[in-house]
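Right, one structure below, let's go through it.
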Amino acid sequence: MKIHEYQAKEILRKYGVAVPAGEMATTLEEADTAAKQLFSQGNAAVVVKAQIHAGGRGKGGGVKVAKSLEDAAKYAKDILGMQLVTHQTGPAGQKVQRLLIEEGSAIDREMYLGAVVDRASSKIVFMASQQGGMDIEEVAAKDPDAIFKEYIEPAEGLSPFQARKLAFKLGLTGPQINQAVGVMTGLYKAFTETDCSLMEINPLITTRDGKVLALDCKMDFDGNALFRHKDLKELRDMAEEDPLEVEASKDALNYIKLDGTIACMVNGAGLAMATMDIISYAGGSPANFLDVGGGANQQQIEAAFAILLSDKNVKAIFINIFGGILRVDVLATAVVAAAKKLNVTLPIILRLEGTNVEEGRKIIAESGLKCQIGTTMKEAADLAVAAAKG
Ligand code: GDP
Ligand code: MN
């Protein structure tokens, strides 16, 4: 689960990581009040920052430094409500519904500091680079030696010597080293205590008066650990998520939208992956990943259909079920009822195996629906691809 920059900075603050002072605003009035306050405190500049769940906002025009209250108001007006396009949003962009109004910082250097769970080593790895501010992916691709890494032993945690080593590699000197060590210590504590999967400070800056600050922050939490973080769950902003995925999560369906034409309804994540593979193998492209789970009921099947149908790219529906806990006849009954209720006119192709498969096939055959049944996964995939091509 992703959160906004202003929320991530709030968490960093709690862990003693220095971040600029600022306020979140959802209206121009709130933005103006926040900017007034920051200027009245003697700040020479105020930064207006679009809050969306994507990076690259600066390049897309979503981060502006204002030297006056008038400029701040103008930038807030420009940015709030804009359709912000960055390399991470895709061409459609994301509508800006919140702003962060922040005290301006006099930047000396922009660096990069990130932490992520590294699957290969099963450890948290800290990454640091002097080339911060810009696309770190580009640095990693073109100049991987410019990224320094420290793998953290889970039982020991981040050692002070590891933090100091990274601080030296960042080219920091004097009192900045201890400040950076403080940032990393706080970051590590926040990372482990909130069950983060990724945390990125880009840029971590030094200011002209010698301070080390987290100027931007991105956090991503492990969804499987959210049950033990009620407070974090509340930070979820559904307006930033794909509406179909939000809809699916309400019915406990594991749905990820893709850009193909064959909608898939499958029970079990492994079978769902295999289904997408075999569709590709048969020359088609899946419109989604959808795992309805082992014990799907009629309500979930209906919800799943509704979600699949609201994707306008879909030309055919491929239902691939191995009946175990979910009996095939139960699923077939639910599919027929849902398809009739929702008036499904798209071709439906099924591959059914498992408990009560004969009853299931009979229910489908007698339903009067425009269904085809493939006897093997490959045969069903071929039928689905042919149907999708019209
Ligand atoms: P991103 O583009 O989505 O990663 O947004 P960032 O928060 O990283 O901001 C992008 C860039 O805006 C930074 O790399 C800085 O160069 C610039 N920026 C952000 N805040 C300030 C500020 O307080 N002062 C100055 N001078 N520049 C800033
Ligand atoms: Mn950034």
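Remember, it's a predicted structure, so these values are computed and weren't measured experimentally. Counting starts at 1 for both ligands and their atoms, following the listed order.
Considering backbone and side-chain N/O atoms, Glu110 comes within less than 3.5 Å of an N/O atom of ligand 1. Between Lys59 and ligand 1, no N or O atom pair is found at a separation short of 3.5 Å. Between Val63 and ligand 1, not a single N/O pair is under 3.5 Å apart.
Ile262 and Ala388 get closest at one heavy-atom pair: CG1-CB, 3.7 Å.
Within the 4.0 Å heavy-atom criterion, the part of Asn202 lying near ligand 1 is the backbone and not the side chain.
Grouping Ile, Leu, Val, Met, Phe, Trp and Tyr residues whose side-chain heavy atoms lie under 4.5 Å apart, directly or via other members, places Val63 in a hydrophobic cluster with Val47, Val65.
Less than 4.0 angstrom separates some heavy atom of Gly55 from each of these atoms of ligand 1: 3 (O). Every atom of ligand 1 with a heavy atom of Lys49 under 4.0 Å away is listed here by number and element: 6 (P), 7 (O). Each of the atoms 23 (O) of ligand 1 lies under 4.0 Å from some heavy atom of Gly104. Of all the atoms in ligand 1, the ones that sit under 4.0 Å from a non-hydrogen atom of Arg57 are 1 (P), 2 (O), 3 (O), 5 (O), 6 (P), 7 (O). Close approach to Pro203 involves these atoms of ligand 1, each under 4.0 Å from a residue heavy atom: 8 (O), 14 (O).
Among residues two or more places apart in sequence or in another chain, the salt bridge (Lys or Arg N to Asp or Glu O under 4.0 Å) test is passed with Asp222 by none.
Residue-level check: among N/O/S atoms of Asp216, OD2 sits closest to the Mn ion (ligand 2).
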